[in-house]
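Hydrogens, waters and symmetry mates play no part in the numbers below; they use all other heavy atoms, side chains included. The shown structure was predicted, so the numbers you read here are calculated from the model rather than taken from an experiment. Residue indices begin at 1 and follow the sequence shown.
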Amino acid sequence: MARRVAVIGAGNAGLVCIKCCLDEGLEPVCFESSDDIGGLWRFKEKAEAERSSIYRSLVVNTSKEMMCFSDFPMPAHYPNYMSHSQLLQYFRLYADHFDLLKHIHFQTTVRSVRQKHDFSQSGQWEVVTESSDGCKETHVFDAVFVCSGNFTHPVTPNFPGIDTFQGKCSHSWEYKDPDEFCGKRVVIVGIGNSGGDIAVEISRVAEKTFLSIREGGWVAGRMGSSGLPMDMMLLRRAVVMLVQRLPRALLNWVLERLYNQKYDHRLYGLQPSYRILDRPLVINDDLPGRILQGALQSIQHWLSLGYYPPRDL
């Protein structure tokens, strides 16, 4: 009898787990709390509590050549860097090709996962689920894959002055498009990939946009040499061998000079306080250009909301 495996979530990780279980002769049972696959990559007009949320203009940071499943290449007509809707369609093609949907229980929420009372002997788990009509069931599995993602709960820092600030404060989890910021003065806190994307997009419609940076960031575009995707040029055996053999200090020096040749991060107010290999790059094609045009201004060591006039956002 095949060992039963619970898979929690039917996003990209959940789909892969179902496929791998089938390859190994296991019996996967996937529980998905929503009514469809895709997880993070399902765009919704409004953010929903307890679910991941993305903005309308989101484009992936990894090229299709580097992110496709090894046993299911992406369609040739897909662009190198896809929109969220194209990536979701790819997941649908993947699920249909390997007949994965029949293993998924939609609109079923996992309420608890616990070791059975005889776990030391059986190694089994008790999983309690609840369907959309409120019906609860207890299942027993030999293993559990948790594929529920980590972007479901926005984390908002407590800035001085946030309680008395007269403008609107929101998290990138809530952001969908820049329309509501037209003609306003806006500050975006943080230079992660979403912060950079949102700052660029809002700067096209806002009166003035500020990007608050605590430690700076090394910014790179998606395009590499000869117009090819950057990750295709960097993630090669020869490059990996060099990285493994050369001193880290030398690699940092070479890469920092390389990225500063296109634009000096210090002059653009982006100079990081850390070395380039210490953290992931910020992927953004338009951020330096918006700073150069004056539509976006980077500021460092922003301390409180009280610094901006009440009408600012």
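A199 is linked by a side chain to side chain contact (heavy atoms under 4.5 Å, CB included) to I188, L211, L296, counting only residues two or more places apart in sequence or in another chain. In terms of the side chain to side chain donor-acceptor pair (under 3.5 Å) criterion, residue partners of R275 (sequence neighbours excluded) are, by chain and number, E256. Residues satisfying the side chain to side chain donor-acceptor pair (under 3.5 Å) test with D35, not counting sequence neighbours, are R42. Here Y94 pairs with F69, F72, F98 under the ring-ring contact (aromatic ring centres under 6.0 Å, His included) rule; sequence neighbours left out. The side chain to side chain donor-acceptor pair (under 3.5 Å) search around S122 returns D118, not counting sequence neighbours. Applying the side chain to side chain donor-acceptor pair (under 3.5 Å) rule to S57 yields the partners E201; only residues at least two apart in sequence or on another chain are considered. The ring-ring contact (aromatic ring centres under 6.0 Å, His included) search around F106 returns none, not counting sequence neighbours.
Linking ILVMFWY side-chain heavy atoms closer than 4.5 Å, directly or via other members, places L100 and L88 in two distinct hydrophobic clusters. At a threshold of 4.5 Å between side-chain heavy atoms, the hydrophobic network of Ile, Leu, Val, Met, Phe, Trp and Tyr places L234 and M232 in two separate groups. Note: the hydrophobic cluster containing M233 does not contain V240 (ILVMFWY, side chain heavy atoms under 4.5 Å, direct or indirect links). V205 and Y55 are assigned to two separate hydrophobic clusters, defined by single-linkage of ILVMFWY side chains at heavy-atom distances under 4.5 Å. In the hydrophobic cluster analysis, where Ile, Leu, Val, Met, Phe, Trp and Tyr join through side-chain heavy atoms closer than 4.5 angstrom, L228 is grouped apart from V60.
Side-chain contact check for I291 versus L270: some heavy-atom pair is nearer than 4.5 Å. Counting heavy atoms from C-beta outward, Y81 and P229 have side chains that approach closer than 4.5 Å. Taking 4.5 Å as the limit, every side-chain heavy atom of R279 sits out of range of all side-chain heavy atoms of P272. Side-chain contact check for I299 versus I213: every heavy-atom pair is 4.5 Å or farther apart. Side chains of M82 and M74 form a contact here, defined as non-hydrogen atoms less than 4.5 Å apart. Side chains of L58 and F43 form no contact here, defined as non-hydrogen atoms less than 4.5 Å apart. With contacts defined as side-chain heavy-atom distances shorter than 4.5 Å, the pair V5/I18 does not qualify. With a 4.5 Å cut-off on side-chain heavy atoms, I37 and L101 count as touching.
Judged purely by atom type and a 3.5 angstrom limit, D278 has no side-chain atom pairing as donor or acceptor with the backbone of Y274. Using modelled atom types, one side-chain atom of R248 and one backbone atom of L277 make a donor-acceptor pair closer than 3.5 Å. Counting only distance, with no hydrogens or angles, the side chain of K64 and the backbone of A76 share a donor-acceptor pair below 3.5 Å.
With salt bridges taken as basic N to acidic carboxylate O contacts below 4.0 Å, none links E126 and K116.
Sorted by first then second residue, the salt bridge (charged side-chain N to carboxylate O under 4.0 Å, His left out) pairs that include residues 46-63, not counting sequence neighbours, are K44-E48, E45-R56, E48-R51, R56-D177. Counting only residues at least two apart or in different chains, side chain to side chain donor-acceptor pair (under 3.5 Å) contacts with residues 288-298 comprise S203-R290, R290-Q293. For the side chain to side chain donor-acceptor pair (under 3.5 Å) condition, the pairs that include at least one residue of residues 224-242, sequence neighbours left out, are S63-D231. Contacts classified as side chain to side chain donor-acceptor pair (under 3.5 Å) and involving residues 136-147 (residues at least two apart or in different chains) are given here: Q124-D142, T129-H139. Applying the side chain to side chain donor-acceptor pair (under 3.5 Å) test to residues at least two apart or on different chains, the pairs with a partner in residues 7-31 are K19-D23, K19-D71.
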Please lay out, stage by stage, how F181 and R204 fare under the test side-chain contact (heavy atoms from CB on, under 4.5 Å). CA-CA 10 Å; F181 304 104; R204 302 186 190 281; over 6 Å; no
Begin with the C-alpha distance, continue with both residues' side-chain angles, and end with the deciding distance and a verdict on side-chain contact (heavy atoms from CB on, under 4.5 Å) for N284 and I191. CA-CA 10 Å; N284 198 294; I191 193 176; over 6 Å; no
Stepwise side-chain contact (heavy atoms from CB on, under 4.5 Å) check, D36 with R92: CA-CA 10 Å; D36 200 0; R92 296 195 195 284; 2.8 Å; yes
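The neighbour count for R3 CZ, taken as heavy atoms of other residues, nucleotides or ligands under 6.0 Å away, does not exceed 12.
A distance of 12.0 Å separates CG of L255 from CZ of R257, quoted to the nearest 0.5 Å. Between atom CD1 of residue I198 and atom OG1 of residue T209 there is a gap of 12.0 Å, rounded to the nearest 0.5 Å. From Q89, atom CD reaches atom CD of Q86 across 9.5 Å, with rounding to the nearest 0.5 Å. The SG atom of C17 sits 11.0 Å away from the CG atom of L26 when rounded to the nearest 0.5 Å.
Heavy atoms only, all atoms of each residue included: A2 and G25 are closest at CB-O, 3.5 Å. The two atoms that bring C147 and V7 nearest to each other are SG-CG1, 4.1 Å, heavy atoms only.
S131 and D133 are linked by a side-chain donor-acceptor pair at a separation below 3.5 angstrom, with hydrogens and angles left out of the test.
Between Y263 and H265, the ring center distance clears the sub-6.0 Å criterion. Aromatic pair F151/W173: centroids not less than 6.0 angstrom apart.
W125 pairs with exactly one of F119, F141, F145 by the ring pair (Phe, Tyr, Trp, His ring centres under 6.0 Å) rule, that one being F119.
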